[in-house]
There are 2 protein chains.
Amino acid sequence: MKIGELAKAARCTTETVRFYEKEGLLPEAHRTASNYRDYGAAHVERLRFIRNCRALGMAHEEIRALLILMDAPQQGCGAVNTLLDEHIGHVDARIEELTQLRAQLAAIRAQCQTEHQVSACGILHGLAAMETEEKPPRHSHLG
Amino acid sequence: MKIGELAKAARCTTETVRFYEKEGLLPEAHRTASNYRDYGAAHVERLRFIRNCRALGMAHEEIRALLILMDAPQQGCGAVNTLLDEHIGHVDARIEELTQLRAQLAAIRAQCQTEHQVSACGILHGLAAMETEEKPPRHSHLG
DNA sequence: AAACACCCTGAAGCAACTACAAGGTCAAGT
DNA sequence: ACTTGACCTTGTAGTTGCTTCAGGGTGTTT
């Protein structure tokens, strides 16, 4: 099958397929006489796997690690479990960060209930007066 | 004050300060005879405001809009309130997305409780079998 | 005069794509 | 035979919010 068909089968774009190939996530395809990429069922499976992992918020690094583990089918799957647990940890950490942010934003928002002059706006004063924090180190690759 | 002092006052790096200047978020500084940037109290205030907004997850676009509003102090602050409400909406949307992701991940994780062969791992099978979804349009700039 | 901390500019790198630009291929219709 | 249109090819640049680096200048101290 051609790249467009593969892309449709995994519900992504041809550009994304080519990008994954360049990244080494998707193995290179055979080429037809006219230099078109030519894919088989294994490519569809692999690409769908990658897209599913991405939909779950995994980074390319994590997916790459999973793919390598998958390519040694008779090995133990402890590393797979670990990797997933760590990823769940990233998601939890990010939810926690955003929840705290949400509370801070609500507090600032509460400082202005009615429309008045900008110079007297509680929100702007709140934003200016906040304790400026150093950027904490990232807990996850999730933005 | 020199750029390093300004950066310290707002707890960021000199590179970040120069970057904000290039972006137009921070006005350009006067220069000394030796071409060093020379900042005053107004710059400290502005930079701290920017860093506080960033710490609350706002995008540069949002901050830029706030700064413009702030520069017209006798105008009404309705737009400020709206902007903040929208930003809170972004955060809520992202928390919701991540919470759903979290549930999906937990479901997949539950498919493998004990270590066994990769080829029989419920997690990998779950990841392969998932309904591949099209990437939904972004609800927010928060990753 | 040398050492060291600080400043300058400009370019490149990160993640995970997306969006061109400029061209080649192929099947269908006239 | 020719054209249209949909598809394919490569390569490069843009997105966001910085960080890092290279290669150099300045200023104070010893």
Side-chain angles (χ1 to χ4, degrees), chain A residues 1-26 28-39 43 47 50-65 67 87 90 94 134-143, chain B residues 1-26 28-39 43 47 50-65 67 87 90 94 134-143:
Chain A
M1 69 196 326
K2 287 190 283 188
I3 195 171
E5 304 170 72
L6 173 66
K8 203 165 286 177
R11 299 200 187 145
C12 66
T13 69
T14 59
E15 285 91 354
T16 301
V17 174
R18 283 193 279 257
F19 176 66
Y20 288 163
E21 177 185 307
K22 208 181 327 185
E23 289 287 284
L25 289 179
L26 196 63
E28 293 189 22
H30 291 123
R31 297 296 183 123
T32 66
S34 54
N35 199 32
Y36 286 13
R37 289 172 181 82
D38 188 19
Y39 295 100
H43 284 100
L47 179 55
I50 296 169
R51 292 306 292 171
N52 288 339
C53 289
R54 287 291 302 132
L56 291 170
M58 290 184 206
H60 283 189
E61 276 292 296
E62 295 172 302
I63 300 172
R64 201 186 309 278
L67 289 171
H87 179 59
H90 299 157
R94 186 58 178 151
E134 281 181 75
K135 190 172 51 175
R138 303 256 60 209
H139 298 307
S140 86
H141 58 83
L142 301 152
Chain B
M1 68 195 329
K2 287 191 284 189
I3 193 170
E5 303 171 72
L6 173 65
K8 202 165 286 178
R11 299 201 187 146
C12 66
T13 69
T14 59
E15 287 88 356
T16 300
V17 175
R18 283 193 280 256
F19 175 68
Y20 288 163
E21 177 185 306
K22 207 182 326 184
E23 288 287 284
L25 289 178
L26 196 63
E28 294 189 21
H30 291 123
R31 297 295 183 121
T32 67
S34 54
N35 199 33
Y36 286 13
R37 289 172 181 81
D38 188 18
Y39 295 100
H43 285 100
L47 180 56
I50 296 169
R51 292 304 294 171
N52 288 339
C53 289
R54 287 291 302 133
L56 291 170
M58 291 183 205
H60 283 187
E61 276 291 297
E62 296 173 300
I63 300 171
R64 201 186 307 279
L67 289 171
H87 179 58
H90 299 157
R94 185 58 178 152
E134 281 181 75
K135 190 173 49 175
R138 304 257 59 209
H139 298 306
S140 84
H141 57 85
L142 301 151

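Letters A, B, ... are given to chains in the order of the sequence lines, protein chains preceding strands, and every chain is numbered from 1.
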**Q.** Axis-to-axis angle between the two ends of the helix from C/dA1-D/dT30 to C/dT30-D/dA1 (five base pairs per end, rounded to 10 degrees)
**A.** 30°
Between [X] ([atom1]) and [N] ([atom2]), how many Å, whole number?
| X | N | atom1 | atom2 | answer |
| --- | --- | --- | --- | --- |
| A/E23 | C/dA15 | CD | P | 8 Å |
| A/H141 | C/dC17 | NE2 | P | 12 Å |
| A/I50 | C/dA15 | CD1 | C1' | 16 Å |
| A/R64 | C/dA15 | CZ | C1' | 12 Å |
| A/Y20 | C/dA15 | OH | P | 14 Å |
| B/E134 | C/dT18 | CD | P | 12 Å |
| B/L142 | D/dT15 | CG | P | 19 Å |
| B/H30 | C/dC8 | NE2 | P | 15 Å |

Q. Do B/H43 and B/H30 have their ring centres less than 6.0 Å from each other?
A. no
Q | Residues touching DNA chain D, which here means a heavy atom under 4.0 Å, drawn from residues 2-10 of chain A | A | A/K2, A/I3, A/G4
Q. Say you draw a straight line from CG of B/L47 to CG of B/N52; how long is it, rounded to the nearest 0.5 Å?
A. 9.5 Å
Q: Considering non-hydrogen atoms only, spot the tightest contact between B/H141 and B/M58 and give its length.
A: CE1-C, 4.0 Å
Q) Taking all non-hydrogen atoms of both residues, which atom of A/I50 and which atom of A/L25 are closest, and how far apart? A) CD1-O, 3.7 Å
Q) OP1 or OP2 of D/dT19 sitting under 4.0 Å from any side-chain N/O of B/T13? A) yes
(Q) Please determine whether a side-chain nitrogen or oxygen atom of B/T16 lies at a distance below 4.0 Å from atom OP1 or OP2 of D/dT19. (A) yes
**Q.** Counterpart residues, side-chain hydrogen bond (donor to acceptor under 3.5 Å, both in side chains), relative to B/H60 (two or more places apart)
**A.** none
Would you tabulate the pairs of protein nitrogen or oxygen atoms and nucleotide nitrogen or oxygen atoms of nucleotides 23-25 of chain C closer than 3.5 angstrom?
from	atom 1	to	atom 2	distance (Å)
C/dG24	N2	A/Y36	OH	2.8
C/dT25	O4'	A/Y36	OH	3.0

(Q) Is there a side chain to side chain contact (heavy atoms under 4.5 Å, CB included) between A/R94 and B/R94? Walk through the geometry before answering. (A) CA-CA 10 Å; A/R94 186 58 178 151; B/R94 185 58 178 152; 5.6 Å; no
Q) Counting only N and O atoms by type, is there a donor-acceptor contact under 3.5 Å from the side chain of A/H87 to the main-chain atoms of A/L56? A) yes
(Q) For the backbone of B/R31 and the side chain of B/D38, can you confirm whether one donor and one acceptor N or O come within less than 3.5 Å of each other? (A) no
Q: Applying salt bridge (Lys or Arg N to Asp or Glu O under 4.0 Å), name anything that partners B/E61, two or more places apart in sequence or on another chain.
A: B/R64
Side-chain donor-acceptor pairs of residues 16-23 of chain B under 3.5 Å, sequence neighbours excluded:
from	atom 1	to	atom 2	distance (Å)
B/T16	OG1	B/T13	OG1	3.0
B/Y20	OH	B/R51	NH1	2.6
B/E21	OE1	B/R37	NE	2.9

Close N/O contacts between protein and nucleotides 10-13 of chain D (under 3.5 Å):
from	atom 1	to	atom 2	distance (Å)
D/dT10	OP1	A/R31	NH1	3.3
D/dT10	OP1	A/R31	NH2	3.0
D/dT10	OP2	A/R37	NH1	2.9
D/dT10	OP2	A/R37	NH2	2.7

Report all side-chain donor-acceptor pairs from residues 3-12 of chain B shorter than 3.5 Å, counting only partners two or more places apart or in another chain.
from	atom 1	to	atom 2	distance (Å)
B/E5	OE2	B/K2	N	3.0
B/R11	NH1	A/T132	O	3.0

Q: Please list, by residue number, the residues of residues 51-61 of chain B whose heavy atoms come closer than 4.0 Å to an atom of DNA chain C; answer none if no residue qualifies.
A: none
